[in-house]
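Okay, structure first, notes after.
Order of appearance sets the numbers: ligands from 1, and atoms from 1 within every ligand.
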Amino acid sequence: MKRIKGWAAVSDFDGTITLRDVGDHILLHYGFADRKTIEASYSLRVRVEDFMRRAFSRVGLSEKAIADFVIKKVKARPGFAAFAPFCAGAGVPLEIVSGGVDLYAGPFLRKHGVKVRSFFGRARLVGGGIKITYPFLRRSELSSFKASRVLRFRKAGYKVVFFGDGPNDLKAAKLAHKVYAAGRLYRLCRERGIPVSRLTDFEKAARFLAAELGLPGRR
Ligand SMILES: [Mg+2]
């Protein structure tokens, strides 16, 4: 039998680490998409990466405008800023895997002083829009890529805690040992009988991991 090394954590970004999906928030706030279009993008049949590429190709905003928006408007889920250093101290590798883009994730993570391994789309301003590429995807879909990150830790001997909120997180959630989910993912897990805890804040997950790892001083 494979020896368990401990726990690893894999997290989605939009709507998971942030309280609202930042991409949707920007598209709606500046009128580049309406609610119906956003809602349709959450079908299990839609690839988030295709939606993002299409929607942002029309976004005529500067890098600074996006950074300012993120710093003023985007709220972190409670406990996240402390969760990353907790993981580092507890020897829990933490990764962020996202269909979102560096253009808004960068300013957010810098604001909260969080530096962890992460996978985001690469956004570049071209003409009157934003061109998004996903260098880490190559031929795979985002949802399969997220699942592959969970699987990679499992194969290395870790138990994996996964955090997510969207339909494109479902494949990864199925492979995790512990799932914290918000929004649509919570509902999908419940409907499919996948054991799931509601993601309200990251403090709860830190307490869970501390108990699993036998770390003192947390309740
Ligand atoms: Mg999300």
*asked:* Test side chain to side chain contact (heavy atoms under 4.5 Å, CB included) on L103 and L125; report intermediate values, then the result.
replied: CA-CA 10 Å; L103 213 52; L125 276 65; 3.9 Å; yes

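- With a cut-off of 2.8 Å, the Mg ion (ligand 1) has an N, O or S atom of D165 in range.
- Within the structure, the ring pair (Phe, Tyr, Trp, His ring centres under 6.0 Å) test picks out the following pairs touching residues 30-63 (sequence neighbours left out): Y30-F69.
- Summary: O is the N/O/S atom of D14 found nearest to the Mg ion (ligand 1).
- When E49, R184, R47, K146 are each tested for a side-chain hydrogen bond (donor to acceptor under 3.5 Å, both in side chains) with N168, only one passes: K146.
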*Apply the test side chain to side chain contact (heavy atoms under 4.5 Å, CB included) to residues F13 and Y104: give CA-CA distance (whole Å), side-chain angles for both, the deciding distance (0.1 Å), then the verdict.*
CA-CA 11 Å; F13 180 75; Y104 61 68; 3.9 Å; yes

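- The N, O or S atom of D12 with the smallest distance to the Mg ion (ligand 1) is OD2.
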